[in-house]
Amino acid sequence: DAKTTQPPSMDCAEGRAANLPCNHSTISGNEYVYWYRQIHSQGPQYIIHGLKNNETNEMASLIITEDRKSSTLILPHATLRDTAVYYCIVRVEGGGADGLTFGKGTHLIIQP
Amino acid sequence: NAGVTQTPKFQVLKTGQSMTLQCAQDMNHEYMSWYRQDPGMGLRLIHYSVGAGITDQGEVPNGYNVSRSTTEDFPLRLLSAAPSQTSVYFCASSYSETQYGYTFGSGTRLTVV
């Protein structure tokens with residue numbers, strides 16, 4: 001799986017859009033970008049994933065650059081409950097059987 | 001309620017004791033895995049299973065055993081607990097990660113004294 005780089009921490013004002021970057025410059029053509037988050041003391045939660053097209057679901061949007069070397073997770077209207085550590089993970093297509101490799105992620109703090 | 005259930009939620013062990021952390025899911029997921037999370041760190045993979053009767057080692061398997069006799073259950077055994085195994089343990093399951101991602105349990109907080 002390709003290596004990812006994320007900023008260790010970010011702040012965002014409540015009600016604003018939170019934009020979390022992830023660099024994955026060595027990504028291969030068959031590797032997906034996944035995002036999970038972990039709210040304090042809880043198990044990680046799956047958010048969204050994509051291959052090369054932008055994706056949106058009820059939780060967030062995922063924007064992947066055309067060269068696929070970086071991506072941005074967007075929480076459109078951040079709330080205090082979105083304070084969490086966000087993990088960007090790159091994995092091969094269909095490679096979900098053998099578990100996940102987590103980095104240190106980005107600690108997003110939503111300010112009131 | 002559908003999901004991943006871990007028991008116990010908290011446990012204190014003495015060095016050298018053995019115990020089993022339980023993990024059960026009722027979603028008919030084939031893929032299951034165990035992770036440990038030390039303070040300020042990301043999760044590290046201990047063992048994983050791609051189906052009943054099939055298990056394999058992850059990044060940090062030493063000191064742990066697993067078995068998968070049914071689709072629903074994936075217990076993690078600590079053979080002889082050591083203080084270095086003090087951690088929070090998470091179990092996860094998935095039907096198809098490329099479509100649905102992994103579902104995680106709420107964790108077991110283990111302290112070895």
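First the proteins, then the strands, lettered A, B, ... as listed; each starts at 1.
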* Asked: In Å and rounded to the nearest 0.5 Å, what is the OG to CG distance from Ser25(A) to Asp67(A)?
  -> 9.5 Å
* Distance, nearest 0.5 Å, that separates CZ of Phe90(B) from OG1 of Thr108(B) -> 9.0 Å
* Examine whether an atom of Arg109(B) lies under 4.5 Å from a heavy atom of chain A, and if so say whether it belongs to the side chain, the backbone or both; otherwise answer neither. => side chain
* With ring centroids as reference points, do Phe104(B) and Tyr46(A) lie under 6.0 angstrom apart? -> no
* Counting a contact as any heavy-atom pair under 4.5 Å apart, which residues of residues 11-19 of chain B contact chain A? -> none
* Asked: What's the spacing between Thr26(A) OG1 and Glu31(A) CD if we round to 0.5 Å?
  -> 7.0 Å
* Atom CD1 in Ile89(A), atom SG in Cys22(A): separation rounded to 0.5 Å? -> 9.5 Å
* Is it the case that Ser71(A) and His24(A) place a side-chain donor and acceptor less than 3.5 Å from each other? -> yes
* Structure fact -> When the 4.5 angstrom heavy-atom criterion is applied to Gln37(B) and chain A, the contacting part is side chain
* When the ring centroid of Tyr87(A) is compared with that of Tyr36(A), is the distance short of 6.0 Å? -> no
